[in-house]
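Below is one structure, written out as C-alpha cells, with a few remarks after it.
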Amino acid sequence: MAGAAMTTTFLAVIGGASLLAVTARRLRPGDRLPSLEGWALADRSLGAGWTWLLLGGTVYTAYTFTAVPGLAYGNGASAFFAVPYTVIVCPLAFVLLSRLWEVARRHGYVTAADFVRGRYGSAPLALMVALTGILATMPYLALQLLGIRAVLTAGGLYPPGVVGDLAMTAVFAGLAVATYRHGLRAPTVIAALKAVAVFVSLTAVCWLVLDRSGGPGAVFDGAAHALGGTDPAHSPLVLTPEQRPAYATLALGSALALLMYPHVLTAGFAADGTRTLRKVSAGLPAWTALLALFGFLGIAALAAGVRAPEGGAEAAVPMLVDRLMPGPLAGLVFGSIVVGALVPAAVMSIAAATSFVRNVYVEYVHPTATPKRQVRVAKAVSLTAKLGAVAFVFGLRDQDAINLQLLGGVWILQVFPAVAVGLYTRWLHPRALLAGWAVGMAAGTYLVVREGFSSTVPLVAGSPEIYAGVAALVLNLAVAVAATPVLARLGVPRGPDSTDLPSRPRAGRRPPTGANNA
C-alpha cells in the first residue's frame, strides 16, 4: 500500500511538471518574430521572481542534491566545500553577471563567446570559449539522467531492465518536446514546481530525521562513530589540516567555474535587467541553505545505519527517505529530485545549442542565416543534445560520465581569463589567452587523469592536495600574462573592440545602467 501511495505521489509531481511545461507559452509577452534571443533567453524578459527560480533551479541540479550528501556519507567533512562554494558564487554573480548582462543586452550577445568575439575581435578565441562550454556541458547534462536513475532505483521506482530505461526516456521526452516548442520558457515554469516541491519535501525530511534521531547532536555523534571516529577531539566530521588546502581551492575554483558554464549564463541573460540580477544574486543563499540541508541528510544517513551499495553513496539519502518517510511524502521527495533534474537538463541543452548556432554555425557555416533559420537549427541541436545524453547514459558506465564531468569543471574554468578578466581589462592579448587556455586545458587534464580522475591532486609527491582546476588556471594566467608583452613587442595585431568597455579599469568610472534602471 505504501508503495502504491509513493508511486501515485511521484507520478502526480511528474504530471504537474508536464502540465506546467505546456503553459510555458503564457510567458511570451506577445506575438514576436522568431529569434534566437526569444527562444533561448525568453526575450530577456524574466523578472526577479522568475529569474530567481530559473537561476536557482539551474545552478542546483539533481545530481548536486545526491552527490553532496553522498560525499558526506562517504567522506564526512570534505563534502561541505559545496556550501562555501555556493556562498562565494553569490557576490561573484552580483558583480560579474550584472556587468556581462549590460554588455550582452546592449550588443545583442546571446553567449559568452559572443562577448569574447566583440571584446577581442578574435574569432578563434570565441570559438575556443564556445567549444569549451559545449564540451563541459554535455557530461553535465548526462549526469542529470544518472541522478534520476540513482534516486529512483534506490526508492524502488525504477523497474529493472528495458522497462525502467523506457520509463525514464518517456519522462525526458516530455521535457524535450516542451523545450523544443517553448525554449527557455519551459524550464522556467517547471522551476517554480521544483522550488516548491524541493523546499517542502526537504523541510519534511529534516524535521522527521531530527524528531526520530533525538536532535542534531545525536545525528553528528552517530555519524562520527559510523565513520570510525572514537576520539571526540579528532572527529572525522571536522577537517584535518591536510584537507584544508583541497577544501579551500575546491570551494574557490568551483565558484569561479560555475559562472562560466553556458547554462548558468543563459539563465542570467534571460533576466530583464541588472537590478533584477542583483536582487536574485542576493536571494541565492536560500538555495545554498537547501544544499547544506541535503549535506546534513548524508550525515543523517550515516547515523541511521543506512548501507548504500558499494560505489553508490549517492543512493544513501534516497534510501534514508524510503526508510523513514510514509509513502506519499517519499514519492514527493523522489518526484522533486526528478523535476530538479529536468530544469538544468533543459537549460543545458538550450545553452549548448545556442553556443553552437551563434559561434560555430553562423560564424563558420552559414553567416547569412536568418533569425528563423537560427532558431530552427538551435531546436534541432537542443534535441540532439538530449538524445545524446540518453544514449551516453544507457551506452556507457556511470563512472565515465562522472569522470568527464570532473574534467568538465576543470576545462570550463580555463575560459575565466577570457570572459571574466575581459570584462574589466583588454590588456591580455587574444593569442596569449589562447596559449594560456591550451596550457591550462592540457595541464588540468593531465593532473586529473594522473590521479585516477580525482579533482584534488598533489602538485608534487608529498605536497598537500589542491583542486586541479585552480592549479591549471594559475598556469593559464601565468602563460597569458607572460606572452602578452612578448606579442606586443613583436607587433602582433589585436582585433577591434566593439563592446564600449574600457581597455583598462578606470577609477571613478560608473558603468552604464541596465534597461530597467533608466
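Within the structure, side chain to side chain donor-acceptor pair (under 3.5 Å) contacts touching residues 323-332 (residues at least two apart or in different chains) do not occur. A side chain to side chain donor-acceptor pair (under 3.5 Å) check over residues 383-393, counting only residues at least two apart or in different chains, returns the pairs S349-K386, S382-K386.
Taking the side chain as every heavy atom from C-beta outward, L143 and T61 never approach each other to under 4.5 Å. Between L184 and L54 there is a side-chain heavy-atom pair separated by less than 4.5 Å. By the 4.5 Å heavy-atom criterion applied to side chains, L329 and S201 are not counted as neighbours. Under the 4.5 Å side-chain criterion, counting only non-hydrogen atoms from C-beta, Y247 is in contact with P84. Taking 4.5 Å as the limit, some side-chain heavy atom of R212 sits within range of a side-chain heavy atom of L324.
Here the side chain of K194 pairs a donor or acceptor atom with the backbone of G57 at under 3.5 angstrom. The backbone N or O of W207 lies less than 3.5 Å from no partner atom in the side chain of D211, so there is not a single donor-acceptor pair.
Listed by chain and number, the residues in a side chain to side chain contact (heavy atoms under 4.5 Å, CB included) with L265 are L97, L100, A112 (sequence neighbours excluded). Remark: W39 engages no residue in a ring-ring contact (aromatic ring centres under 6.0 Å, His included) (not counting sequence neighbours). Judged as a side-chain hydrogen bond (donor to acceptor under 3.5 Å, both in side chains), and not counting sequence neighbours, the contacts of W411 are T445. Every residue two or more places apart in sequence or in another chain was checked for a ring-ring contact (aromatic ring centres under 6.0 Å, His included) with F80, and none qualifies. Residues passing the side chain to side chain contact (heavy atoms under 4.5 Å, CB included) test with A346, sequence neighbours excluded: L175, T179, P187. Applying the side chain to side chain contact (heavy atoms under 4.5 Å, CB included) rule to V200 yields the partners V196, L332; only residues at least two apart in sequence or on another chain are considered. Take T203 and apply the side chain to side chain contact (heavy atoms under 4.5 Å, CB included) test, not counting sequence neighbours, and it matches no residue. Qualifying ring-ring contact (aromatic ring centres under 6.0 Å, His included) partners for F356, counting only residues two or more places apart in sequence or in other chains: none.
A distance of 11.5 Å separates CG in D272 from CZ in R44, rounded to the nearest 0.5 Å. Going from atom OG of S35 over to atom CD of Q374 covers 9.0 Å, rounded to the nearest 0.5 Å. Distance check, rounded to the nearest 0.5 Å: CG of L41 to OG1 of T266 gives 6.0 Å. A distance of 7.5 Å separates CG in L193 from OG in S336, rounded to the nearest 0.5 Å. Rounding to the nearest 0.5 Å gives a distance of 13.0 Å between CD1 of I412 and CG of L407. One distance of note links CD of Q243 with CZ of F81; it measures 12.5 Å at 0.5 Å rounding.
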Exercise for the section: Apply side chain to side chain contact (heavy atoms under 4.5 Å, CB included) to the pair L46 and T276, showing each step before the final yes or no. Expected result: CA-CA 9 Å; L46 302 184; T276 292; over 6 Å; no

Practice task
Could you walk me through whether R185 and D43 pass salt bridge (Lys or Arg N to Asp or Glu O under 4.0 Å), step by step?
Solution key: CA-CA 10 Å; R185 293 175 177 85; D43 290 306; 2.7 Å; yes

Exercise for the section: Would you check, one step at a time, whether the test side chain to side chain contact (heavy atoms under 4.5 Å, CB included) holds for L423 with F115? Expected result: CA-CA 9 Å; L423 280 170; F115 162 74; 3.7 Å; yes

Handout entry: Candidate pair T111 and F269, rule side chain to side chain contact (heavy atoms under 4.5 Å, CB included), full reasoning
Key = CA-CA 9 Å; T111 67; F269 281 172; 5.7 Å; no

Practice task
Assess whether side chain to side chain contact (heavy atoms under 4.5 Å, CB included) is satisfied between V264 and V59, documenting all intermediate values.
Solution key: CA-CA 7 Å; V264 176; V59 169; 4.2 Å; yes

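Minimum interatomic distance between A48 and V280 (heavy atoms only, all atoms of both residues): O-CG2, 3.5 Å. What you find for V95 and Y424 is that their closest heavy atoms are CG1-OH, 3.0 Å. Residues P69 and V317 share a closest heavy-atom pair of CB-CG2, 3.3 Å. Between A130 and N359, the closest heavy-atom pair is CB-CB, 3.6 Å.
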For residues 281-309, please give each side-chain donor-acceptor pair under 3.5 Å, one per line with the distance, not counting sequence neighbours.
{"from": "S281", "atom 1": "OG", "to": "F94", "atom 2": "N", "distance (Å)": "3.4"}
{"from": "S281", "atom 1": "OG", "to": "L277", "atom 2": "O", "distance (Å)": "2.8"}
{"from": "T288", "atom 1": "OG1", "to": "Y60", "atom 2": "OH", "distance (Å)": "2.9"}
{"from": "T288", "atom 1": "OG1", "to": "T86", "atom 2": "OG1", "distance (Å)": "3.4"}

For residues 249-263, tabulate all N or O donor-acceptor pairs below 3.5 Å that involve a side-chain atom, not counting sequence neighbours.
{"from": "T249", "atom 1": "OG1", "to": "P245", "atom 2": "O", "distance (Å)": "2.7"}
{"from": "T249", "atom 1": "OG1", "to": "A246", "atom 2": "O", "distance (Å)": "3.3"}
{"from": "T249", "atom 1": "OG1", "to": "Y467", "atom 2": "N", "distance (Å)": "2.9"}
{"from": "S254", "atom 1": "OG", "to": "L250", "atom 2": "O", "distance (Å)": "2.7"}
{"from": "Y261", "atom 1": "OH", "to": "G409", "atom 2": "N", "distance (Å)": "3.4"}

